[in-house]
Amino acid sequence: MAAFVSPNPQFCKRFSSTKTATTSAAAFFSKPSQISPNFNLERAKPSFLVRCSIRSSAPPISTLKQSCPRPEYIPNRISDPNYVRIFDTTLRNGEQSPGATMTTKQKLDIARQLAKLGVDIIEAGFPASSEADLEAVKLIAKEVGNVSPEGADGHVPVICGLSRCNKRDIDKAWEAVKYAKKPRIHTFIATSEIHLKHKLKKTKEQVLETARSMVAYARSLGCPDVEFSPEDAGRSDREFLYEILGEVIKAGATTLNIPDTVGILVHDEFEQLIADIKATTHGIDNVIISTHCQNDLGLATANSIGGAIAGARQLEVTINGIGERAGNASLEEVVMAIKCRGEQVMGGLYTGINTQHIVVTSKMVEECSGLHIQPHKAIVGANAFAHESGIHQDGMLKNKDTYEIMSPEDIGLLRSNESGIVLGKLSGRHALKAKLLELGYDIDGKELDDLFPRFKSVAENKKNITDEDLIALVSDEVFQPQVFWKLGDV
Ligand code: KIV
């Protein structure tokens, strides 16, 4: 027997305004009428206006480890060896995605959201690249770099500006970031043979001297926090890399970032690179090692995690993985990998990210950058918590751990149905029954048996089965209206 389950004002409100959609879906589903085609009084009373639903159980409680408190920020040292800093470069490398240019207002909004999300460092732009970027970074330094957002436990992010290794760039970067409570200059120069020969047209000695002197120059301006990147480190000669890194440490660098600029290294190679730098570079214990992995082979997240396992304590990432060419390691993937597996397979690594802000931040970046997220994107894709096959749906209904390694609530997602079930042609009876229960229909036995083949035939012909479609199907199959008048003859 179909029964009305329980009133829920939210659902009542939703369905009271779905008459049109439901009616048209009813037409799609309707079985051949057994009544006179000319005058059908039996179908005159709509039965779908008051459909209420409840969740069948409380939202799942996260089983993931809660983060420990964030250690106090000291540029070149982290008091807790397991804490991993998250450096977000959505506004710099992310904006280098073709077509992703953002307005100053959008950048400021995103920076505020990144602060709420709890990133440790915001790379707000490349001030020497344009007057607009200079002003945007300055604004972010003033507005975001001095206040702790509500609920962030006093945390204020570092505001960083990128610069090439020359005085003009460094001056611009400092001019922009100096207003922040915790300013940082990030300066870089290429170190690979191919870049030296074809792009810079400089010798190793010249590059080494430029790097050393420009890091010292950035410190001399009064900037207490200077990051150095040997661009294309992944393809650079190892001995030269150790040498230049050792020299910039002596010159005052506080973070050494190791970019795999062209995303060529595979996981083991990148992990080994970080391990070798850690083992070989003079003075490395006095600085933070960082990763910057581009995603040309789709390995950026894996490589960043490998870097962290090898000792990197800053990971450079972007929201939704946007960035130059195939993008960067994505913040949500890296952070959730550490959150889900840090305890078990990374020796207890953790970050200070409030993961419940991930979805909102991802949507905001999608909107502002115009770069749409593929539906099957890990963590934030539309299908990341959707279950389509009958076997999976059955498992989900019995226990969510069967097919989900994290709960959507962990990233701030409230899905419209409790079990993430998306009905389709592969769905089974169990899923259909559960979904109908969420919509307020407790259907069993013969009614379910009758309904199921009709649902299957619709699902085979229609890509997306909506709630309204199901309501129409039930209305048509089960909720035939009570007969008040019946036409005997005309
Ligand atoms: O990809 C890269 O090498 C960079 C550096 C400037 C860090 O973006």
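Read the numbers this way: they start at 1 and go in the same order the structure lists the ligands and their atoms.
Nearest protein heavy-atom contact of atom 8 (O) of ligand 1 is Arg92 NH2, 3.0 Å. When hydrogens are left out, the protein atom nearest atom 4 (C) of ligand 1 is His292 NE2, 3.6 Å; that is the closest non-hydrogen contact. Annotation: atom 3 (O) of ligand 1 to nearest protein heavy atom, Thr261 OG1, 2.6 Å.
By the criterion of a heavy-atom distance under 4.0 Å, neither the backbone nor the side chain of Glu324 is placed next to ligand 1.
When the options Lys182, Arg184, Lys181 are evaluated for a salt bridge (charged side-chain N to carboxylate O under 4.0 Å, His left out) with Asp225, the one that passes is Arg184.
Aromatic pair Phe228/Phe188: ring centres not closer than 6.0 Å.
Within ligand 1, the atoms closer than 4.0 Å to a non-hydrogen atom of Glu231 are 3 (O), numbered from 1 in the order shown. If you number the atoms of ligand 1 from 1 as listed, the ones under 4.0 Å from a heavy atom of Asn93 come out as 8 (O). Taking every non-hydrogen atom of Asn257 and a distance limit under 4.0 Å, the qualifying atoms of ligand 1 come out as 7 (C). Close approach of ligand 1 to Ser229 is summarised as follows: ligand atoms under 4.0 Å from at least one heavy atom of the residue are 7 (C).
At a threshold of 4.0 Å, the pair Lys377-Glu366 does not count as salt-bridged, since none of the basic side-chain nitrogens sits closer than that to a carboxylate oxygen. Electrostatic pairing of Arg325 and Asp296 counts as a salt bridge here, judged by a charged N lying under 4.0 Å from a carboxylate O. Under the 4.0 Å criterion applied to side-chain N and carboxylate O atoms, Asp237 and Lys204 are assigned as salt-bridge partners.
Between the side chains of Gln393 and Ser427, at least one donor N or O sits under 3.5 Å from an acceptor N or O.
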